[in-house]
Amino acid sequence: MSYEKELAAAKKAVSLAARLSQGVQKTLLQSEVWTKSDRTPVTAADFGSQALVSIVLERELQPETFSLVAEEETGELRKKGSEVFLEGITKLVKDTLASEESYADSPPLSTEDVLNAIDCGKSEGGCSGYHWVLDPIDGTRGFVRGEQYAVGLALLVEGKVVLGVMACPNLPLASVVCETDKSSKENVGCLFFATSGSGAYVQPLEGNSLPQKVGVSSNENLEEAKFLESYHKPIPLHSSIAKKLGITASPVRMDSQAKYAAVSRGDAEIYLRFTLSGHRETIWDHAPGFIITTEAGGVVCDAAGKSLDFSKGKYLAHKTGIIVTTKKLKPCVLKAVREAMEEEKLISETHNRNCTLSVYV
């Protein structure tokens with residue numbers, strides 16, 4: 001299937017969500033950033049973007065059944081004391097929809113309409129049927145800092161990712177790794193998209209420029225390779241892997257799935273994501289980036305070299321770590337990963353053994 005209708009609806013929904021988020025980011029105050037129970041930040045843009053994408057997909061596709069797997073929930077918004085925040089979110093959604101000519105005459109939305117649209121994201125996904133997968137603001141910490149974030153949307157059919165659209169409002173149209181002049185920092189805003197078997201494309205988020213096909217880097221010289229990691233606390237394992245690969249450049253740190261986009265167009269050759277023990281990866285954090293990168297000729301796999309499995313519900317079924325790279329470099333990267341993990345395990349076992357011995361001394 002070509003999924004032309006679904007792709008058009010997804011691009012429209014994500015573009016409008018990006019428009020909403022850009023407006024919020026320009027005026028965001030620290031007092032407007034909430035903290036969720038898992039200690040991650042959330043803003044009006046997260047909720048507004050989720051409501052907006054849900055509404056646009058339903059209006060454009062009018063499906064008999066609509067399944068959306070998304071990050072945000074309305075529990076806090078429905079509590080007493082949240083009325084002003086909710087009214088602000090509702091206004092954001094209404095104003096953004098009104099800015100789209102085809103929705104200018106649509107009936108006005110109520111706060112309950114917006115809450116219900118957000119709650120459409122309660123689906124669990126799975127291995128059968130059609131499921132849209134959404135991260136309304138991926139990289140909220142980057143969003144709050146005024147840096148990189150993404151709006152990522154994917155379509156899951158029978159457990160397989162068949163379509164992905166990602167807006168990166170702050171990503172330069174030129175390489176994010178090699179940006180050197182002022183113009184590259186001003187020319188920002190990219191819309192990436194891909195469907196299964198049709199390649200990956202990028203176009204400016206604003207304007208009517210035609211999409212251009214993207215492809216991963218052809219570089220095979222590891223000494224010149226560049227790698228990306230999340231903008232969090234440095235992961236020692238990443239440094240060990242890079243050292244074994246002979247990579248001399250420091251990692252480029254970015255928030256969000258914009259890292260997938262950067263690899264898909266050849267800005268960097270490797271993106272490593274090894275996290276703290278016990279962390280469970282959600283499908284919305286990877287589904288859009290997964291298909292865009294793989295359709296661009298790249299590889300997305302776990303530490304064992306297996307492709308990611310999106311068919312098990314909200315969480316990925318994978319071995320430790322996620323690796324994004326090129327097909328040419330995959331064998332070298334996996335070898336370095338295996339060696340680095342074995343060394344880390346040996347160090348940990350030695351440390352634990354020493355600690356045990358010290359108890360008895």
Side-chain angles (χ1 to χ4, degrees), residues 1-7 9-11 13-14 17 36-38 40 46-47 49-75 115-138 150-166 193-198 257 260 273 275 278-295 299-322 324:
M1 290 182 65
S2 64
Y3 300 104
E4 289 183 10
K5 185 176 180 181
E6 289 85 353
L7 178 61
K11 288 175 69 176
V14 168
K36 294 190 284 188
S37 58
D38 62 0
T40 59
D46 295 79
F47 293 115
S49 176
Q50 184 160 315
L52 194 61
V53 170
S54 174
I55 291 167
V56 172
L57 288 178
E58 289 211 82
R59 286 184 180 181
E60 295 295 316
L61 299 174
Q62 300 180 353
E64 291 184 11
T65 59
F66 180 62
S67 173
L68 177 66
V69 186
E71 182 173 11
E72 305 306 338
E73 301 175 350
T74 63
L115 288 169
N116 290 337
I118 296 170
D119 278 339
C120 279
K122 289 182 176 180
S123 172
E124 293 292 325
C127 61
S128 62
Y130 280 54
H131 305 284
W132 289 97
V133 180
L134 170 69
D135 196 330
I137 298 291
D138 184 33
V151 179
L153 178 65
L155 177 61
L156 206 63
V157 177
E158 307 303 327
K160 302 291 184 183
V161 186
V162 300
L163 177 157
V165 178
M166 190 192 316
F193 60 92
T195 52
S196 183
S198 299
Q257 288 180 73
Y260 276 105
R273 184 177 174 87
T275 56
H279 176 78
R280 300 180 73 190
E281 296 281 5
T282 56
I283 60 174
W284 54 73
D285 278 326
H286 298 280
F290 172 87
I291 189 168
I292 289 168
T293 303
T294 54
E295 284 296 320
V299 175
V300 183
C301 63
D302 64 16
K306 294 183 178 180
S307 184
L308 303 187
D309 184 355
F310 293 88
S311 69
K312 306 299 183 183
K314 288 184 176 183
Y315 298 96
L316 284 176
H318 72 296
K319 296 292 183 181
T320 303
I322 293 175
V324 184

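Hydrogens, waters and symmetry mates are skipped; everything else that's a heavy atom, side chains included, is used. Throughout, residue positions are numbered sequentially from 1 according to the sequence presented.
- For the pair Val157 and Tyr3, the minimum side-chain heavy-atom distance is below 4.5 Å.
- The two residues Gln50 and Glu71 have their closest heavy-atom pair at OE1-N, 3.6 Å.
- Between the Ser54 side chain and the Ala117 main chain, a donor and an acceptor come within less than 3.5 Å of each other.
- Residues Glu158 and Cys127 are not in side-chain contact: their nearest non-hydrogen atoms beyond the backbone lie 4.5 Å or more apart.
- Residues Leu134 and Trp284 fail the side-chain proximity criterion, which asks for heavy atoms closer than 4.5 Å.
- Contact of the Tyr260 side chain with the Pro288 side chain is not registered, since no non-hydrogen atoms from C-beta on lie closer than 4.5 Å.
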From CA spacing to verdict: side chain to side chain contact (heavy atoms under 4.5 Å, CB included), Leu153, Leu57 = CA-CA 11 Å; Leu153 178 65; Leu57 288 178; 4.2 Å; yes
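- Going from atom CD1 of Ile322 over to atom CG of Asp302 covers 8.0 Å, rounded to the nearest 0.5 Å.
- At a threshold of 4.5 Å between non-hydrogen side-chain atoms, the residues Phe193 and Ile292 do not count as touching.
- Taking the side chain as every heavy atom from C-beta outward, Thr294 and Val161 never approach each other to under 4.5 Å.
- Every residue two or more places apart in sequence or in another chain was checked for a side-chain contact (heavy atoms from CB on, under 4.5 Å) with Glu73, and none qualifies.
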Output, in order, the C-alpha distance, side-chain angles, deciding distance and verdict of side chain to side chain contact (heavy atoms under 4.5 Å, CB included) for Asp135 and Val151.
-> CA-CA 6 Å; Asp135 196 330; Val151 179; over 6 Å; no
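- When the options Val133, Asp309, Leu308 are evaluated for a side-chain contact (heavy atoms from CB on, under 4.5 Å) with Ile283, the one that passes is Val133.
- Atom CD1 of Ile137 and atom CZ of Phe47 lie 11.5 Å apart (nearest 0.5 Å).
- The two atoms that bring Ser49 and Pro136 nearest to each other are OG-O, 2.9 Å, heavy atoms only.
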Residue pair Glu281, His318: steps toward the side chain to side chain donor-acceptor pair (under 3.5 Å) verdict | CA-CA 9 Å; Glu281 296 281 5; His318 72 296; 5.2 Å; no
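- Annotation for Leu156 and Gly126: closest pair CD2-O, 4.0 Å, computed over non-hydrogen atoms.
- Within the structure, salt bridge (charged side-chain N to carboxylate O under 4.0 Å, His left out) pairs that include any residue of residues 54-66 comprise Lys12-Glu60 (at least two apart or interchain).
- Separation of atoms CD (Glu4) and OG (Ser198) is listed at 8.5 Å; rounding is to 0.5 Å.
- Listed here is the closest heavy atom pair of Gly125 and Ser123: N-OG, 3.2 Å.
- Once rounded to the nearest 0.5 Å, the distance linking CZ of Phe290 with CG of Asp285 reads 15.0 Å.
- Side-chain contact between Glu72 and Lys36 is present, with at least one heavy-atom pair separated by less than 4.5 Å.
- Contact record, Asp138 with Gln257: OD2-N, 2.7 Å, taken as the closest heavy-atom pair.
- Taking both residues in full, the closest heavy atoms of Cys120 and Phe66 are given as CB-CE2, 4.2 Å, listed atom of the first, atom of the second, then distance.
- No more than 12 heavy atoms of other residues, nucleotides or ligands sit less than 6.0 Å from atom NZ of Lys312.
- Side chains of Trp132 and Leu61 form a contact here, defined as non-hydrogen atoms less than 4.5 Å apart.
- Note that CD1 of Ile291 and CE of Met166 are 11.0 Å apart. Values are rounded to the nearest 0.5 Å.
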